[in-house]
Protein chains: 2
Amino acid sequence: MNIRTLCLGILSFQEASGYEIKKEIEEGMFSHFIDASYGSIYPALSQLNAEGLVTVRAEEQTGRPDKKVYSVTEAGRAALAKGLLVVPARDKYKSEFLFEMLFKNMLPEAHVRLAIEKQLNDLREDLSRMVECRAEGQTNEGSEFIMGYGEAVLTAGAKYLESKLAELQPKIKLAAE
Amino acid sequence: MNIRTLCLGILSFQEASGYEIKKEIEEGMFSHFIDASYGSIYPALSQLNAEGLVTVRAEEQTGRPDKKVYSVTEAGRAALAKGLLVVPARDKYKSEFLFEMLFKNMLPEAHVRLAIEKQLNDLREDLSRMVECRAEGQTNEGSEFIMGYGEAVLTAGAKYLESKLAELQPKIKLAAE
DNA sequence: CGAGTATATATCAATTTGGCATATAGCAAA
DNA sequence: TTTGCTATATGCCAAATTGATATATACTCG
């Protein structure tokens, strides 16, 4: 599945500019499991427009470039429906954190602690973003499903790290005194 | 963190060819949270060799290209240690599955079921690969840590999907009769 | 008053992927 | 038996993607 289908999907909920799509990907419901940069979003929108799958409407703004608001067309909705019918590719998960932890015994304990705390923080951020989305949210069956999944996975990760951090804690307190 | 550090890390456990590194990434301990293709591994190894961070030894083979076995040098181990000291980048997780599920109500139920079953299967594969690695494994503190994390996260995901599948099941039996 | 953040689009070098080419051999199914 | 699949092994390359930067303005916070 490519970024074009991704944009169609987001636009199918609400018309948006490239900037807003990026924001949605970073802070919205999608943030946990989707990534895309401006360098891929803007060309994708141009292409979709050229193919007639979306339309553009320029909204004038003072002091800023015109906001280009994109909306899906009927053809776009059809393309989305078709694009969603492919068997999804296997999940891709990249974690520098876990790679680093593999070399735990080579690393200073302070660094290990910091890395774990950062990771825990990231997980909690993701979780609270989900809670927010649910609160505001125009939730549907689909969003309930994915947020349930995200919550399950993130909570499990956080719980594991908390227990590991607790094992580390006592040593530090002694070292600090 | 770049692929060069990744290769150094894998080679620090055992000397290997590019092919074997790729296999390790696909099937080994790393498979859950690392991804890299030949197109990035081979250039990385050449570069590491040029920088004196690894050495190469050609192993002759009948019917196949010579196997180029790479080993880390002392400079390589130092570079790895240094490379591991950076604050790890935030995890990246991409899931076409979750994106598709967001549009659950647009999709035929059979497709939804298939997608969930595939996802569940993927998670179980990852889990059993981990169990294998542990069984064979030259395990250390680091590998125990990351496999514990992986197990926690994957198990939570699988559990969630199992419960969702159970909710779906009855309707199907009726439909099949 | 300067630094940082936010809005908004766009480009581009560098990296990375995913597929292909090349070559050989074993194994299973049609 | 021959066709296709899998495995071993390296490598290239077009296409996709990232991450940083450019451009421009306005608001907020110390």
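In what follows, chains are A, B, ... by sequence order, proteins preceding strands, each numbered from 1.
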Trainee: Rounded to the Å, how far apart are A:R4 CZ and D:dA15 C1'?
Mentor: 13 Å
Trainee: Rounded to the Å, how far apart are A:Y70 OH and C:dA10 C1'?
Mentor: 11 Å
Trainee: Just the rounded figure in Å: distance from P of C:dT7 to CD1 of A:I21.
Mentor: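 About 15 Å, once rounded to whole Å.
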Trainee: Measure NZ/A:K68 against C1'/C:dA10 and give the value in whole Å, please.
Mentor: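 Result: 9 Å.
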Trainee: Strictly below 4.0 Å: does A:K23 bring a side-chain N or O up to OP1 or OP2 of C:dA8?
Mentor: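 Answer is no, no contact under 4.0 Å.
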Trainee: Do B:K22 side-chain atoms and B:A36 backbone N/O form a donor-acceptor pair below 3.5 Å?
Mentor: yes
Trainee: Would you say a side-chain N or O of B:Y42 is under 4.0 Å from OP1 or OP2 of D:dG11?
Mentor: no
Trainee: Would you mind classifying the nucleic acid contact of A:K22 as base, sugar-phosphate or nothing, using non-hydrogen atoms under 4.0 angstrom?
Mentor: nothing
Trainee: When the distance from CG of B:L45 to P of D:dC12 is rounded to whole Å, what number comes out?
Mentor: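 In whole Å, D:dC12 P lies 13 Å from B:L45 CG.
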Trainee: Can you measure B:K67 atom NZ to D:dT8 atom P for me and round it to whole angstrom units?
Mentor: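 The distance from NZ of B:K67 to P of D:dT8 comes to 9 Å, rounded to the nearest Å.
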Trainee: Quick check: does any side chain N or O of A:T73 sit under 3.5 Å from a backbone N or O of A:G52, one acting as donor and the other as acceptor?
Mentor: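 Present.
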Trainee: Hey, mind stepping through A:D126 and B:R90 against salt bridge (charged side-chain N to carboxylate O under 4.0 Å, His left out) and telling me if it holds?
Mentor: CA-CA 11 Å; A:D126 267 10; B:R90 200 185 181 102; 3.1 Å; yes
Trainee: Give the minimum heavy-atom separation between B:L120 and B:L161, together with the two atoms involved.
Mentor: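 Here B:L120 and B:L161 meet closest at N-CD1, 3.8 Å.
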Trainee: Establish, yes or no, whether a centroid distance under 6.0 Å links the rings of B:Y19 and B:Y42.
Mentor: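 No, the ring of B:Y19 stays outside the 6.0 Å limit from the ring of B:Y42, centre to centre.
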Trainee: With a 4.0 Å limit, can you tell me whether A:Q61 has a side-chain N or O closer than that to the phosphate oxygens OP1/OP2 of C:dT7?
Mentor: no
Trainee: Measure CD1/A:I25 against C1'/C:dA8 and give the value in whole Å, please.
Mentor: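 Atom CD1 in A:I25 sits about 16 Å away from atom C1' in C:dA8.
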Trainee: Pick out the pairs of N or O atoms, protein on one side and nucleotides 17-22 of chain C on the other, that lie under 3.5 Å.
Mentor:
unit_1 : atom_1 : unit_2 : atom_2 : d
C:dT17 : OP1    : A:K94  : NZ     : 3.3
C:dT17 : OP2    : B:S37  : N      : 3.4
C:dT17 : OP2    : B:S37  : OG     : 3.4
C:dT17 : OP2    : B:S40  : OG     : 3.2
C:dG18 : OP1    : A:K92  : NZ     : 2.4

Trainee: Flag the pair B:F103 / A:F145 as yes when their ring centroid distance falls below 6.0 Å, and as no otherwise.
Mentor: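 Centroid distance B:F103-A:F145: not below 6.0 Å, so no.
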Trainee: Measure from CD on B:E24 to C1' on D:dT8 and round the result to the nearest Å.
Mentor: 16 Å
Trainee: Please determine whether the number of non-hydrogen atoms from other residues, nucleotides or ligands lying under 6.0 Å from atom CD of B:Q14 exceeds 12.
Mentor: no
